[in-house]
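These notes concern the structure reproduced below.
Chain A is the first sequence line, chain B the second, and so forth, proteins listed ahead of strands; every chain is numbered from 1.
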Protein chains: 2
Amino acid sequence: MRLTTKGRYAVTAMLDLALHEGKGPISLADISERQGISLSYLEQLFAKLRRNELVHSVRGPGGGYQLKRERGEINVAEVIDAVNESVDATGCNKTGSCQSGEVCLTHHLWCDLSDQIHGFLSGISLADLVHRHEVQEVAERQQRVMAQPEKLIASSVASAS
Amino acid sequence: MRLTTKGRYAVTAMLDLALHEGKGPISLADISERQGISLSYLEQLFAKLRRNELVHSVRGPGGGYQLKRERGEINVAEVIDAVNESVDATGCNKTGSCQSGEVCLTHHLWCDLSDQIHGFLSGISLADLVHRHEVQEVAERQQRVMAQPEKLIASSVASAS
DNA sequence: CAAGAAGCCTAGTAAATTAGTCGGAATAAT
DNA sequence: ATTATTCCGACTAATTTACTAGGCTTCTTG
């Protein structure tokens, strides 16, 4: 099991999409600027999100991505699963063949942990996150920064004149 | 955050130690055979476990390792922490400087997740695991296999004559 | 219709991590 | 003295992460 920048980026990007819902398709360039994630990397993540039916894409100018389902119907666990390949904590992928075909000493512990993590993350929808105070504050801050063109360049290129 | 074979091996080895407590020092060779973990790799893990005051070593023939504290006083979270470097799910190490000095959109989510995982794992002691039925069953199976010298070689070298 | 803005796709890559191996000391019981 | 053990450091193949680069496809618009 691993939870790295990859899964975190995916959830952050999906939340960005949820926050700007109703404004038509959101381009990856916008998300890249707002969230400070490399555009090409976002493309790769969204390829997986699209394959997993979490987002819907619109090509051409004015295009971008939209959530495929309502934000209340998308939970954090499936977003991470889509890009990572499961939040499973066992080494045997829950098959129970961890030690030469048989279960290892700690197999059940890792199963329990997996259930715990999955239960926690699948209980949180994008809608839940959108309604959180801290999320709204951060989103407002990001919008203020986006409104200042120089700051925007300074933060993405990391060099002020 | 990552939970891989490394942390799983460490917990498994510590549990093996807990199961064979009271029989004097347990050698890594024994643990290696019983749990199917490479001896050299175990050495590396135990170096960290020793540095973190989780085990106590006895050198020379008849030597080995023992739990430094009672098994009820050692929880799974600290074992994983000792070899991995924390079960933290945030990228900023909880400092909140995830996006150019400020908190990112999903910072609080990862903090909550970290607390969740840590709470779960720190609530489970080695003594708790020892008392579980499944653990006792696996331990008995391992002892039966250990008693058969040919099987022992077959499982570790993976070649039967 | 052409330009350009977007998504899409493939390939490559530096750095880090994992899960080891190998060889050799140091230490202590027999 | 021999031997079983911990201890220590260096090395390594494979994998993953977090990118970049380049080019192609699709669709809007001027």
Does a salt bridge link B:Glu73 with B:Lys68, judged by any charged N lying under 4.0 Å from a carboxylate O? no

Tell me, with the steps shown, if A:Val11 and A:Arg8 meet side-chain contact (heavy atoms from CB on, under 4.5 Å). CA-CA 5 Å; A:Val11 176; A:Arg8 283 193 295 265; over 6 Å; no

When rounded to whole Å, the NZ to P distance for the pair A:Lys48 and D:dC19 reads 15 Å

For D:dC7 and B:Arg59 - does any side-chain N or O of the residue sit under 4.0 Å from the phosphate oxygens OP1/OP2? no

In whole angstrom, give the distance that lies between atom CD of A:Gln66 and atom C1' of C:dG7. 14 Å

Give a yes or no on whether a salt bridge exists between B:Asp30 and B:Lys23, defined as a side-chain N under 4.0 angstrom from a carboxylate O. no

Looking at residues at least two apart in the chain, or sitting in another chain, which of them share a side chain to side chain contact (heavy atoms under 4.5 Å, CB included) with A:Ser40? A:Ser38

Could you check A:Arg51 against A:Gly60 and say which one's nearest nucleotide on DNA chain C is further toward the 5' end? A:Gly60

Phosphate oxygens OP1/OP2 of D:dT17: is one of them under 4.0 Å from a side-chain N or O of A:Arg2? yes

Assign the ring pair A:Tyr9 / A:Tyr41 to parallel, tilted or perpendicular, where the plane angle (0 to 90°) is split at 30° and 60°. perpendicular

Atom CD of B:Glu43 and atom P of C:dG24: how far apart are they, to the nearest Å? 15 Å

Does one side chain, of B:Trp110 or B:Ser114, offer a donor that lies under 3.5 Å from an acceptor on the other? no

Could you verify whether a donor N or O on one side chain and an acceptor N or O on the other, from A:Gln142 and A:Gln35, lie under 3.5 Å apart? yes

Between C:dA29, D:dA21, D:dT6, which nucleotide gets closest to the side-chain atoms of B:Pro61? C:dA29

Contact under 4.0 Å: A:Tyr65 side-chain N or O vs C:dC8 OP1/OP2: yes

Interface residues of residues 4-23 of chain B with DNA chain C (non-hydrogen, below 4.0 angstrom): B:Thr4, B:Thr5, B:Lys6, B:Tyr9

Of the candidates C:dT21, C:dC8, D:dC19, the side chain of A:Arg50 sits closest to C:dC8

For B:Gln136, is the CD atom crowded, meaning more than 12 foreign heavy atoms sit under 6.0 Å from it? yes

Between D:dC19 atom P and A:Phe46 atom CZ, what is the distance in whole Å? 15 Å

To the nearest angstrom, the CD1-C1' distance between A:Ile26 and C:dG7 comes to 15 Å

Distance check needed: D:dA18 P versus A:Gln35 CD, whole Å only. 16 Å

How many whole angstroms separate atom CG of B:Leu28 from atom P of C:dG20? 15 Å

Classify B:Ser40 by what it touches in the nucleic acid, base, sugar-phosphate, or nothing, heavy-atom distance under 4.0 Å. base

Any side-chain N or O of A:Ser38 under 4.0 Å from OP1/OP2 of D:dT20? yes

Find the distance B:Leu39:CG to D:dC8:P and express it as a whole number of Å. 15 Å

Please confirm whether the shortest side-chain N or O distance from A:Tyr41 to OP1 or OP2 of D:dA18 is below 4.0 Å. yes

Pair of N/O donor and acceptor under 3.5 Å linking D:dC8 base with B:Gln44 side chain: no

Within less than 4.0 Å of OP1 or OP2 of D:dT5, is there a side-chain N or O belonging to B:Ser57? no

